[in-house]
Number of protein chains: 2
Amino acid sequence: MTAVTRRSILSDMAKFSTDLDSAFSALADPIRRAIISRLCDGPKSVSELSEPFEIALPSLLKHVRVLEQSRLVSSEKIGRVRTCKLEPHALQATEAWLHQHISAWEKRLDRMEAHIERMKRKD
Amino acid sequence: MTAVTRRSILSDMAKFSTDLDSAFSALADPIRRAIISRLCDGPKSVSELSEPFEIALPSLLKHVRVLEQSRLVSSEKIGRVRTCKLEPHALQATEAWLHQHISAWEKRLDRMEAHIERMKRKD
């Protein structure tokens with residue numbers, strides 16, 4: 001491996017790394033994913049969000065905080081009601097990362113298949 | 001919220017939940033994502049994978065184990081060489097989850113825009 005390749009791998013790792021770390025980490029919990037699912041239908045108050053889950057409100061608020069820290073969700077308190085809404089950019093960034101890697105993997109498969117096809121034709 | 005809606009949310013959470021938990025959690029680390037990136041170019045031995053990183057081989061092996069447990073990667077030891085390859089299904093499942101939710105969010109935006117457009121025309 002050349003020094004240039006090595007530098008390029010390490011630079012790719014550093015780029016946007018912290019944001020992706022916290023977004024993927026936030027998504028690794030079924031309650032936080034269910035909160036995201038429900039916010040896709042529109043903003044909801046914390047008490048509306050807590051309804052289907054058998055957890056106390058402070059526990060739900062902790063999950064909301066994790067989602068806020070990873071910039072997947074934002075919330076605003078008006079009077080006594082805190083309303084949460086989805087912030088799609090972090091979700092889109094994680095999907096873009098996955099899409100890019102799945103595409104790279106599929107392109108490699110296509111190249112391998114084309115190569116095998118060429119070899120068959122030669123025989 | 002009706003009991004049926006509540007059951008449907010909880011059932012959605014349970015479905016494939018553990019697999020998604022471990023895949024998202026495995027992806028929340030820059031070294032593990034860099035391993036995935038490099039495996040998109042084809043299978044690699046553990047020592048090839050360790051090359052760009054300034055970490056000891058046992059630490060790299062721990063990351064490989066996490067990726068194996070989440071089914072993102074599989075490895076095979078032949079003689080003294082352990083070779084890793086990408087297993088795309090878990091990567092595809094995480095992308096599918098994200099894609100489904102981003103689409104749902106975008107559809108809601110489209111519906112809102114169409115509604116606003118209709119109201120404008122009425123005025």
Side-chain angles (χ1 to χ4, degrees), chain A residues 1 3 5-10 12-18 20-42 48 51-54 70 72 85-88 91-109 111-112, chain B residues 1 3 5-10 12-18 20-42 48 51-54 70 72 85-88 91-109 111-112:
Chain A
M1 176 175 292
T5 316
R6 188 173 174 280
R7 268 203 302 277
S8 143
I9 292 169
L10 295 178
D12 276 353
M13 272 176 62
K15 237 188 287 172
F16 317 115
S17 203
T18 326
L20 283 176
D21 286 5
S22 69
F24 278 123
S25 175
L27 291 166
D29 180 279
I31 291 183
R32 290 196 290 266
R33 287 197 304 278
I35 293 174
I36 297 276
S37 291
R38 299 197 58 217
L39 293 179
C40 286
D41 293 337
E48 276 179 288
E51 252 186 82
F53 310 120
E54 281 159 352
S70 64
L72 289 157
K85 67 171 183 171
L86 188 71
E87 293 293 340
L91 215 57
Q92 283 160 340
T94 52
E95 202 221 354
W97 188 92
L98 287 164
H99 184 75
Q100 180 194 338
H101 286 82
I102 292 167
S103 295
W105 183 83
E106 284 171 346
K107 274 181 197 155
R108 184 183 155 262
L109 271 202
R111 284 196 303 274
M112 275 173 63
Chain B
M1 177 176 290
T5 316
R6 189 173 173 279
R7 268 204 301 278
S8 145
I9 291 169
L10 294 177
D12 276 353
M13 272 177 63
K15 238 186 288 171
F16 317 115
S17 203
T18 326
L20 282 176
D21 285 5
S22 70
F24 277 123
S25 175
L27 290 167
D29 180 280
I31 290 182
R32 291 197 288 268
R33 287 198 304 277
I35 293 173
I36 297 274
S37 291
R38 299 196 60 216
L39 292 178
C40 286
D41 293 336
E48 276 178 289
E51 252 185 83
F53 310 119
E54 281 158 352
S70 63
L72 289 157
K85 69 171 180 170
L86 188 71
E87 293 294 340
L91 215 57
Q92 283 160 340
T94 52
E95 202 221 353
W97 188 91
L98 287 164
H99 184 76
Q100 181 195 338
H101 287 81
I102 292 168
S103 295
W105 183 83
E106 285 171 344
K107 272 180 197 153
R108 184 184 155 263
L109 272 202
R111 283 196 303 274
M112 274 172 62

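Just so you know, these numbers use all the heavy atoms, side chains as well, and skip hydrogens, waters and symmetry mates. Order of the sequence lines fixes the chain letters, A, B, ..., with proteins taken first and strands second; residue numbering starts at 1 for each chain.
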Requested in this report: Would you indicate whether the side-chain heavy atoms of A:W97 and B:L98 approach each other to under 4.5 Å?
Outcome: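 Sidechains of A:W97 and B:L98: no contact.
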Query raised in the report: Relative to chain A, which segment of B:E106 carries a heavy atom at a distance below 4.5 Å: side chain, backbone, both, or neither?
Result: side chain
Report task. Under the side-chain contact (heavy atoms from CB on, under 4.5 Å) rule, what do B:L72 and B:L27 come out as? Steps first, then yes or no, please. Result -> CA-CA 9 Å; B:L72 289 157; B:L27 290 167; 4.2 Å; yes
Query raised in the report: Between A:C40, A:G42, A:A104, which has the largest tally of heavy atom pairs under 4.5 Å with chain B?
Result: A:C40
Query raised in the report: So which heavy atom on B:A93 is nearest to which on B:L20, and how close?
Result: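 In this case the closest contact between B:A93 and B:L20 is O-CD2, 4.0 Å.
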Query - B:F53 side chain reached by B:I35 side chain, heavy atoms, under 4.5 Å - result: yes
Query - Pick from B:S37, B:A23, B:S103 with the largest number of heavy-atom pairs that fall under 4.5 Å of chain A - result: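 If we count pairs closer than 4.5 Å to chain A, B:S37 comes out on top.
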Requested in this report: Count the heavy-atom pairs under 4.5 Å between each of A:D41, A:D29, A:I36 and chain B, then report the option with the highest count.
Outcome: A:D41
Requested in this report: Using the test side-chain hydrogen bond (donor to acceptor under 3.5 Å, both in side chains), find all partners of A:S22 that sit at least two apart in sequence or belong to another chain.
Outcome: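 For A:S22, no residue satisfies side-chain hydrogen bond (donor to acceptor under 3.5 Å, both in side chains) once neighbours in sequence are set aside.
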Requested in this report: Heavy-atom pairs under 4.5 Å with chain B are the metric here; pick the option from A:Q92, A:M112, A:R32, A:H101 that has the most.
Outcome: A:H101
Report summary line: Note: vs chain A, highest number of non-hydrogen pairs under 4.5 angstrom among B:P88, B:S25, B:A26 is B:P88
